Amino acid sequence: MDDLKGKVAIVGIGEVPSGRFPEREPIVSAVASARQAIIDAGIKKEEIDAVIPTAALWSPQYNTELVCCRIVEELGLCGKARMNFQVFSGGSSCCNMLKTAAGLILLGLARSVLCVHSDRLGTGVTGQGGIDLFSTAGISKEWEAPYGLHYSAIAGLITQRYVYETGTTEEQLASVCVSNRKWAELNPNAMFRKPLTIEEVMASKMLSTPLRAKESNVLADGGAAFLVTSAERARKLTDRPVYLLGEGSRVTHFALSQEPDMTRFAWAEAAEEAYRKAGLSPEDIDVAEIYDSYPVFQLIGLEELGFCKRGEAGAFVYAGNTWPGGKLPMTTNGGMLSQGHTGAGGGVALMVEAARQLMGKAGERQVSGARFAVVTATGGTYMDSYVTILGTEIP
Amino acid sequence: MNKILEGKYAVTMDMYPLQGKEFNRIYPFYEFLKEGRLTTTACRDCGKKAFPPRVVCPECLSENLEWVDLPTRGKVLVVTEEEVGVPLGFETPLIHALIDLGGELTLFSRVVNVKQGELKEGDEVKLTVFPVDPVSVEGKKGAVNLQERVFFAFEKA
């Protein structure tokens with residue numbers, strides 16, 4: 001279980017801008033991202049033995065094309081690629097794609113593995129269609145959908161409980177959105193780049209108490225890809241391979257009401273496992289790519305991963321510690337709150353961003369000297385807690 | 001049939017499960033619900049009471065399960081009032097709560113017959129059962145049968 005440390009590395013990344021691009025077919029997003037990742041890695045595409053597309057939610061037809069090897073054909077890997085299959089666990093897919101790629105490489109079943117995501121949630125569904133999709137996707141048909149429960153209501157309930165238990169203020173919650181936006185202002189691939197203030201967040205309309213519109217992610221079209229290979233091969237390709245150092249995860253529930261503690265989930269256990277495998281502690285982390293979707297999850301993440309004490313994350317973010325120039329850069333692409341929610345791609349974008357920061361390719365938002373990054377991800381109605389630690393050195 | 005669903009994607013966006021014996025493994029749940037009882041499955045072998053109702057005991061994997069009653073009164077733990085962006089066929093405000101059922105389990109439910117701002121943590125609530133849109137099911141020789149359905153929510157006790 002502990003043998004993954006430093007054995008595989010991300011060597012190439014690709015991403016297209018998130019937003020509303022009706023003219024951009026999702027296959028274009030997938031292929032453009034994959035192409036960038038291959039070029040970025042500097043490998044011959046024939047070294048890719050496995051292509052792992054994660055699922056697209058907007059269309060079963062498109063998703064079936066991904067399952068049926070369309071990316072392999074588009075990239076000219078027919079007759080060369082050994083496998084193409086889907087790895088999908090909603091928002092946490094990125095972590096499972098990386099783990100699966102690592103497993104294939106370590107077992108000698110693949111030399112390099114291409115992980116790809118693309119979706120069209122921005123222009124592929126109508127406004128009401130998006131609401132309806134997220135009133136059913138990952139929500140129990142028998143036990144929760146009949147209440148008219150939607151992700152805003154779920155995040156509302158969780159935020160309400162978190163505020164009740166920790167005394168976090170509305171301003172502190174709003175400051176998480178501001179922190180994300182400050183990063184997005186520096187991210188050309190982000191959907192929302194206009195400066196945002198705490199007052200604007202608090203003046204936005206109420207979605208589901210106490211959650212406001214600007215505290216909700218926005219659905220977007222997008223695509224991203226990362227290329228994984230063995231550590232040995234990676235060292236020949238680059239002097240900054242992004243090694244997989246440690247990972248930890250727990251699946252906690254299907255129906256959210258069965259989660260024993262919906263203000264903690266299993267982040268602490270998952271993080272303990274990941275830190276232990278990596279041989280690192282929270283103090284060693286230079287960049288924290290914490291899965292957002294709603295601000296409360298970043299606060300929970302900061303606390304459960306050991307960056308803040310319980311109940312202190314709100315003040316920590318409010319004070320600017322997670323902003324550009326702060327002591328713990330967090331969710332440096334702007335997250336789903338600002339870069340946009342592309343489905344499973346919200347997590348893939350964070351994995352790609354962590355690799356980008358460690359590779360030193362983050363442009364204006366580069367965290368100088370970043371060596372170690374943590375990525376968190378979760379799928380469905382926060383059904384699982386995944387923590388992945390990446391680094392340019394093997395501690 | 002709910003007017004808003006007509007001509008739209010009524011089948012995919014039907015928010016309620018089919019409840020008849022022919023379509024649903026846990027049809028007794030809905031039959032009991034019609035009697036005002038909230039039930040779930042318990043394992044005859046190890047005694048584990050699970051919720052939602054299961055077909056296999058999640059503790060010992062036994063299939064030897066029985067239906068048992070749950071409390072129909074509980075206490076509100078958390079409330080959220082959904083003001084915009086509710087799924088098709090629902091009206092705002094939609095009030096949701098996490099409810100503690102006598103310490104036996106917590107579940108989400110909608111809370112009805114309450115105005116916005118009236119429901120608070122600690123309030124006592126009780127089960128309420130109401131009919132929902134029946135669904136047409138094709139029978140033999142082209143006959144179309146309407147399946148009656150119910151669902152539950154909670155209201156202030």
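Below, read A as the first sequence line, B as the second, and so on, with proteins coming before strands; counting in each chain starts at 1. The structure presented is a predicted model; accordingly, all values stated were derived computationally and were not measured.
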So with a 6.0 Å cut-off around [atom1] of [X], is the heavy-atom count from everything else above 12?
{"X": "B/K156", "atom1": "NZ", "value": "yes"}
{"X": "B/R37", "atom1": "CZ", "value": "yes"}
{"X": "B/E91", "atom1": "CD", "value": "no"}
{"X": "B/E63", "atom1": "CD", "value": "no"}
{"X": "A/F21", "atom1": "CZ", "value": "yes"}
{"X": "B/F23", "atom1": "CZ", "value": "yes"}

[atom1]-[atom2] distance between [X] and [Y], expressed to the nearest 0.5 angstrom:
{"X": "B/T80", "Y": "A/L211", "atom1": "OG1", "atom2": "CG", "answer": "7.5 Å"}
{"X": "A/Y147", "Y": "B/H96", "atom1": "OH", "atom2": "NE2", "answer": "10.5 Å"}
{"X": "A/H150", "Y": "B/E82", "atom1": "NE2", "atom2": "CD", "answer": "7.0 Å"}
{"X": "B/F51", "Y": "A/S257", "atom1": "CZ", "atom2": "OG", "answer": "7.0 Å"}
{"X": "B/F151", "Y": "A/W143", "atom1": "CZ", "atom2": "CH2", "answer": "6.5 Å"}
{"X": "A/L256", "Y": "B/T106", "atom1": "CG", "atom2": "OG1", "answer": "9.0 Å"}

Under 4.5 Å heavy-atom distance to chain A, tell me which part of [X] shows up: side chain, backbone, both or neither.
{"X": "B/F152", "answer": "both"}
{"X": "B/I95", "answer": "neither"}
{"X": "B/P53", "answer": "both"}
{"X": "B/L94", "answer": "side chain"}
{"X": "B/Y30", "answer": "side chain"}
{"X": "B/Q19", "answer": "neither"}

Heavy-atom pairs under 4.5 Å with chain A are the metric here; pick the option from B/I26, B/V78, B/L105 that has the most.
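Top option by heavy-atom pairs under 4.5 Å: B/V78.
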Tell me, for A/A145 versus chain B, whether the close heavy atoms (under 4.5 Å) come from the side chain, the backbone, both or neither.
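The answer is both parts of A/A145.
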Please classify the contact between A/E144 and chain B as side chain, backbone, both or neither, with a heavy-atom cut-off of under 4.5 Å.
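Side chain only.
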Which one of A/A153, A/G156, A/G130, A/S152 has the most heavy-atom pairs closer than 4.5 Å to chain B?
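Among the listed options, the one with the most contacts to chain B is A/A153.
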Partner chain B: residue of A/I139, A/L207, A/I154, A/I158 with the largest heavy-atom pair count (under 4.5 Å):
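Greatest number of close heavy-atom pairs with chain B: A/L207.
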Can you find a heavy atom in the side chain of [X] that is under 4.5 Å from one in the side chain of [Y]?
{"X": "B/M15", "Y": "A/K141", "value": "no"}
{"X": "A/S140", "Y": "B/P52", "value": "no"}
{"X": "B/L98", "Y": "A/M262", "value": "yes"}
{"X": "A/P146", "Y": "B/R110", "value": "no"}

Decide salt bridge (Lys or Arg N to Asp or Glu O under 4.0 Å) for B/R25 and A/E142; before the verdict, give the C-alpha distance in whole Å, the side-chain angles of both, and the deciding distance to 0.1 Å.
CA-CA 12 Å; B/R25 74 205 188 285; A/E142 284 163 322; 3.0 Å; yes
Apply side chain to side chain contact (heavy atoms under 4.5 Å, CB included) to the pair B/E121 and A/Q160, showing each step before the final yes or no.
CA-CA 10 Å; B/E121 279 129 24; A/Q160 197 84 292; 4.2 Å; yes
Whether the side chain of A/Q128 engages the backbone of B/V86 through a donor-acceptor N/O pair (distance < 3.5 Å, no angle test) should be reported.
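Indeed, once roles are kept as given, a pair shorter than 3.5 Å links the two residues.
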